[in-house]
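Working notes for the structure below.
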There are 2 protein chains.
Amino acid sequence: MRQGTDRAVSELEKPAYHHGDLRAALLDAALALLAEGQEPSLRAVARRAGVSPMAPYRHYADREALLAAVALRGIEGLKVALEAADAAAAPGEAVIAQAVAYVRYACDHPVLFRLMFGPARPTVEHGICAAAQDVKDVLLTRLAREAPDRFTPDFALGCWSTIHGLAQLVIEGLLAETDPDPLGSGMVERAVRAMLGCPESRV
Amino acid sequence: MRQGTDRAVSELEKPAYHHGDLRAALLDAALALLAEGQEPSLRAVARRAGVSPMAPYRHYADREALLAAVALRGIEGLKVALEAADAAAAPGEAVIAQAVAYVRYACDHPVLFRLMFGPARPTVEHGICAAAQDVKDVLLTRLAREAPDRFTPDFALGCWSTIHGLAQLVIEGLLAETDPDPLGSGMVERAVRAMLGCPESRV
DNA sequence: CGCGAATGTTTACGATGCAAACATGGCGAT
DNA sequence: ATCGCCATGTTTGCATCGTAAACATTCGCG
């Protein structure tokens with residue numbers, strides 16, 4: 001696929017027949033549409049990438065395959081966000097920080113998030129599952145250190161569920177009438193603390 | 001092909017021009033499609049109800065309105081399931097029983113469940129939110145009795161999130177590689193117990 | 001230089017959601 | 001009983017979507 005001599009991307013070069021790296025461009029286009037809040041149709045993605053509606057099929061089996069690739073990237077992004085939050089957290093507060101980051105990521109990219117954890121069963125299914133496990137593991141690792149006494153696989157699953165459920169409830173607006181801004185108001189954080197049984201709220 | 005689609009109440013009259021109670025028939029048709037695991041298109045619902053593709057618009061503003069009505073009914077069904085589980089539970093085990101019932105409901109009606117708590121924002125949005133609160137309240141009420149010491153609004157939200165997140169993870173297959181049958185294996189129950197800190201497993 | 005394979009394009013088909021115009025017939029006012 | 005209103009259904013039409021099939025273009029290797 002890739003070769004040494006790269007006439008890869010020069011600015012004033014008109015769109016050649018061969019796009020150079022459509023595969024990545026399609027991914028970016030889909031991500032961009034997602035970021036704008038719209039669910040990306042295959043045709044819209046192609047349009048945005050400046051190619052014909054059928055072009056994507058040279059790189060992805062079907063719409064679902066493209067979306068799955070996007071979802072994978074989104075999951076990786078979530079993992080990165082969790083790791084960053086974990087690293088930046090005060091001692092003993094890393095789990096809470098990860099939880100908040102998780103929900104914030106969902107709020108910042110609601111459509112993407114739905115794609116990531118919704119019916120993304122298609123082609124790359126296994127890839128998605130594995131990536132999701134990676135995400136869980138980031139949380140799990142920190143959990144094992146901050147709460148070694150209570151820690152069990154079941155407890156880890158419970159924690160993940162709590163955080164994931166919270167994210168779902170928030171982005172679907174199910175908490176809107178209870179609290180218009182569950183993240184900003186600290187409700188999310190308090191709910192996680194309540195479940196973990198660590199009420200130190202230290203402003 | 002026109003067949004005598006299941007008319008619930010009437011006897012042998014031919015499909016009259018006026019359907020009698022299309023509104024309800026459409027709901028049932030959508031529910032039936034959902035039960036068969038397919039996402040109901042407006043046209044498919046109309047087909048199943050034995051009317052023309054445009055007929056539903058006399059009763060629902062658009063596809064989303066129909067789906068929202070279906071979602072509402074699904075949420076009511078969940079509430080009923082929770083109440084039943086609560087009533088049948090052994091003393092002190094009602095919260096766990098509700099949690100398991102919640103996840104089981106999701107597993108039994110995955111497409112419906114996604115509809116209920118997915119982007120069901122449209123028309124009846126408020127109705128959906130309120131109904132969801134009703135569901136939460138069933139859990140919340142029992143929670144206040146079984147765990148009066150830890151009980152706070154934040155704790156209640158946390159519990160709901162845990163259960164809801166568990167349901168999401170299970171129906172999307174995110175736990176499939178960890179455990180192919182999280183409900184049957186008891187993993188769901190154990191995760192909830194771990195979060196609640198009540199490890200009595202009393203087979 | 002030439003040719004095969006990779007990559008894009010065009011055309012076409014069936015499905016979908018919905019707008020607009022038309023048809024039917026239940027039912028209250030006369 | 002009759003008539004006419006209008007709620008309820010139907011037909012037609014259009015834009016969009018996913019994707020199959022056939023065609024066009026160019027890359028890279030012999």
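For clarity, every value in this text was computed on a predicted model and none was experimentally measured. Order of the sequence lines fixes the chain letters, A, B, ..., with proteins taken first and strands second; residue numbering starts at 1 for each chain.
Nearest-nucleotide mapping onto DNA chain C: of B:R58 and B:R63, the residue sitting toward the 5' end is B:R63. Toward the 5' end of DNA chain D, the nearer of the two residues A:P53 and B:D21, judged by each one's closest nucleotide, is B:D21.
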Chi angles and distances behind the side-chain contact (heavy atoms from CB on, under 4.5 Å) call for B:F151, B:L140: CA-CA 9 Å; B:F151 185 82; B:L140 191 148; 3.6 Å; yes

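Remark: C1' of D:dA15 and CG of B:D62 are 17 Å apart, rounded to the nearest angstrom. The nearest whole Å value for the distance from the OH atom in A:Y60 to the P atom in C:dA6 is 18 Å. Protein atom NE2 of A:H59 is 8 Å distant from nucleotide atom C1' of C:dG8, rounded to whole Å. When rounded to the nearest whole Å, the span between OH of A:Y57 and P of D:dA22 equals 17 Å. Distance B:M54 CE to C:dA23 P: 16 Å, rounded to the nearest Å. Between the P atom of C:dT16 and the CD atom of B:E64 lies a distance of 17 Å, rounded to the nearest Å. For A:L42 and D:dA20, the CG to P distance is 11 Å, given to the nearest whole Å. Between B:E39 atom CD and D:dC17 atom C1' there is a gap of 15 Å when expressed in whole angstrom units.
The base of D:dT19 sits with one of its N or O atoms less than 3.5 Å from a complementary donor or acceptor on the side chain of A:R43.
As judged by a 4.0 angstrom heavy-atom cut-off over every strand, A:R47 is placed among residues touching the sugar-phosphate backbone only. Nucleic acid contact class of A:S41 (heavy atoms, under 4.0 Å, all strands): sugar-phosphate only.
A donor-acceptor pair is defined here as one N or O able to donate and one able to accept, closer than 3.5 Å; no such pair exists between the side chain of A:Q168 and the backbone of B:G118.
Side chains of B:F117 and A:E172 form no contact here, defined as non-hydrogen atoms less than 4.5 Å apart.
Scanning all heavy atoms of the two residues, the minimum distance from B:R23 to B:H59 falls at NH1-O, 2.8 Å.
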